[in-house]
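Single-structure report; data block below.
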Amino acid sequence: MARILITGGAGFIGSHLAERLLELGNEVRIIDNLSTGSILNIEHLKSNPRFSYVVDTIMNQSVMAELVDWSDEIYHLAAAVGVKLIVSNPVRTIETNIKGTEIVLNMARKKKKKVLIASSSEVYGKSDKESFSENDDIVLGPSFRARWSYACSKLIDEFLAFAYWREQQVPVIIARLFNVVGPRQTGRYGMVIPRFVTQALSGKPITVYGDGSQRRCFCYVLDLVNGLIDLMAHPKSVGEVFNIGSDQEISILELAQLVKDLTGSNSEIVFVAFDDAYDRNFEDMRRRVPDLTKIRRLIGFKLTKSITESVQSVIDYYRSLGQNVILE
Ligand code: UDP
């Protein structure tokens, strides 16, 4: 049993991670400022005596010092996320992502606490490779396009993590998360599957951006969480960066049709130009497939759910919340 701190623990991924770590017998403390996370995500964990939570920002250094001191291991998930949020709030994105990680790593340095940093597949930018592997060169767009600030902020996090490892011997692990899906994910910040599902369940048009031929791979959240826990446990993951996600591709138009079929919805599928969806300077990625060789070799990373099962889990989740949430 370990004492585990999760920053961003009331978020979609953080709350599933907390739940799984508790199931495994650990003590879990989370910190979340509830900006994109929600107290509802951790409601069911509150009665567990091994769970506790702090509603505060990771920028609060005295609170963070105490939390890091208490912990044996840290999962740093707190970040500004979601394409919509990133494009509309670039200052918040850059500051939270860079300063927040700096604070976590600096606190961890004092007692050499092990830290897993959640990075993102966004760091691969607009490379057109078949699949992305950890040692690939990075191809980003120009700085006047806000989207790339997120990739850059996550890259700085990675550089910082490596620097703390090499110079200060802080045991760090970097996980580049590809698209994730599952219950508790919200569409409010742009994520496509909860958006399509809530649109379909409320009979509103399903908004496919562009022509829908862009492709993504979606990983079921529990598969991802188990992978993160195995990375944290493995001694050879320290000082390394890993892709984590699914390598099963689906086009966004196929996804819209799948959501429509699984919900039995009469919603119309409509095409929205990227200019109208985000802003005039938006660039989307055509494809984004992880090369999973490294993580499979080290921890035997496995995917247990198909895209159909994953989408169904989101439909079940929104149905269980009822109509008010769907129409929000
Ligand atoms: N997308 C869409 N309709 C929406 C929201 C997103 O067609 O209502 C598209 C988006 O343009 C992208 C894909 O779905 O091509 C995945 O978007 P998301 O924001 O979930 O993830 P990311 O762009 O980071 O892969």
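Every value quoted in this text rests on a predicted model; they were computed, and no experiment measured them.
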Short N-O contact, Asp137 and Lys129, less than 4.0 angstrom: no

Lys260 side-chain N/O to Ser267 backbone N/O, donor-acceptor pair under 3.5 Å: yes

Heavy-atom pair with the smallest gap, counting every atom of Ile74 and Lys113: CD1-CB, 3.9 Å

Those residues that, when tested against Asn97, pass side-chain hydrogen bond (donor to acceptor under 3.5 Å, both in side chains) (two or more places apart): Ser153

N/O donor-acceptor pair under 3.5 Å between Gln199 side chain and Thr207 backbone: yes

Audit row: Tyr75, Leu17, side chain to side chain contact (heavy atoms under 4.5 Å, CB included) steps and yes/no: CA-CA 9 Å; Tyr75 290 84; Leu17 179 61; 3.5 Å; yes

Minimum heavy-atom distance Leu116-Ala175, with the two atoms named: CD2-CB, 4.2 Å

Stepwise side-chain hydrogen bond (donor to acceptor under 3.5 Å, both in side chains) test for Thr101 and Asp157: CA-CA 6 Å; Thr101 302; Asp157 287 355; 3.0 Å; yes

Worked verdict on Leu321 versus Tyr318 for side chain to side chain contact (heavy atoms under 4.5 Å, CB included): CA-CA 5 Å; Leu321 291 184; Tyr318 277 102; 4.2 Å; yes

Exam field: side chain Ser119 to backbone Ile174, donor-acceptor pair closer than 3.5 Å: no

Cluster check Val241, Ile138: I/L/V/M/F/W/Y, side chain < 4.5 angstrom: no

Side-chain touch Trp70/Arg29, heavy atoms, less than 4.5 angstrom: yes

Transitive ILVMFWY side-chain link Leu177 to Leu140, under 4.5 Å: no

Distance, nearest 0.5 Å, that separates OG1 of Thr293 from CD1 of Ile295: 11.0 Å

Spacing of CZ belonging to Phe242 relative to CG belonging to Leu298, to within rounding of 0.5 Å: 5.0 Å

Passing option when Asp69 is tested against Lys110, Lys111, Arg3 for salt bridge (Lys or Arg N to Asp or Glu O under 4.0 Å): Lys111

Pairwise side-chain contact, Asn106 with Tyr164, heavy-atom cut-off 4.5 Å (strictly under): yes

Shortest non-hydrogen contact between Ile173 and Leu231, atoms and distance: CD1-O, 3.5 Å

Main-chain N/O of Gly212 paired with Gln214 side-chain donor or acceptor, under 3.5 Å: yes

Residue pairs involving residues 35-60 (criterion salt bridge (Lys or Arg N to Asp or Glu O under 4.0 Å); sequence neighbours excluded): Glu43-Lys46

Close side-chain approach of Met64 and Thr7, heavy atoms under 4.5 Å: yes

Distance-only donor-acceptor check, side chains Asp136 and Ser133, under 3.5 Å: yes

Thr96 backbone acceptor or donor facing Lys99 side chain under 3.5 Å: no

Stepwise side chain to side chain contact (heavy atoms under 4.5 Å, CB included) test for Ile250 and Phe218: CA-CA 8 Å; Ile250 184 168; Phe218 296 90; 3.9 Å; yes

Side-chain heavy-atom pair Ile39, Tyr53 within 4.5 angstrom cut-off: yes

Heavy-atom pair of closest approach, residues Glu249 and Cys217: CG-SG, 3.6 Å

Side-chain heavy-atom pair Ser213, Arg286 within 4.5 angstrom cut-off: yes

Shared hydrophobic cluster, Ile156 / Val123 (ILVMFWY, side-chain heavy atoms < 4.5 Å): no

Residue Gln168 excluded, over 12 heavy atoms near CD under 6.0 Å: yes

Non-hydrogen atoms of Ile117 and Ala161 that approach each other most closely: CG1-CB, 4.2 Å

Arg319 side chain to Thr263 side chain, donor-acceptor N/O pair below 3.5 angstrom: no

Main-chain N/O of Ser131 paired with Asp291 side-chain donor or acceptor, under 3.5 Å: no

Results of side-chain contact (heavy atoms from CB on, under 4.5 Å) for Asp247 - residues two or more places apart only: Val289, Pro290, Leu292, Arg296, Leu303

Residue pair Ser121, Met285: steps toward the side chain to side chain contact (heavy atoms under 4.5 Å, CB included) verdict: CA-CA 11 Å; Ser121 58; Met285 269 78 71; over 6 Å; no

Parallel, tilted or perpendicular: ring planes of Phe132 versus Tyr124, cut at 30 and 60 degrees: parallel

OG-CG distance between Ser310 and Asp223, expressed to the nearest 0.5 angstrom: 7.5 Å

Inter-residue atom distance Ile58.CD1 - Leu77.CG, 0.5 Å rounding: 10.5 Å

Contact check, side chains of Tyr317 and Gln185, non-hydrogen atoms, under 4.5 Å: no

Arg297 CZ: over 12 foreign heavy atoms closer than 6.0 Å: no

Minimum-distance pair of heavy atoms, taken over all atoms of Ser62 and Asn60: OG-OD1, 3.1 Å

Whether over 12 other heavy atoms sit under 6.0 Å from Glu23 CD: yes

Sole candidate of Arg147, Arg215, Lys126, Arg145 that passes salt bridge (Lys or Arg N to Asp or Glu O under 4.0 Å) when paired with Asp284: Arg147

Donor-acceptor under 3.5 Å (Lys114 side chain, Met232 main chain): yes

Contact check, side chains of Ile307 and Gln248, non-hydrogen atoms, under 4.5 Å: no

Residue of the set Glu134, Glu122, Glu158 for which side-chain hydrogen bond (donor to acceptor under 3.5 Å, both in side chains) holds with Arg176: Glu158

Side-chain heavy-atom pair Ile103, Val68 within 4.5 angstrom cut-off: no

Lys302 atom NZ: more than 12 heavy-atom contacts under 6.0 Å: no

Connected via hydrophobic side-chain network under 4.5 Å: Phe274 and Val270: yes

Parallel, tilted or perpendicular: ring planes of His16 versus Phe12, cut at 30 and 60 degrees: perpendicular

Path from Ile30 to Leu24 over hydrophobic side-chain contacts below 4.5 Å: yes

Nearest-0.5 Å distance, CG of residue Asp72 to CG of residue Asn26: 9.0 Å

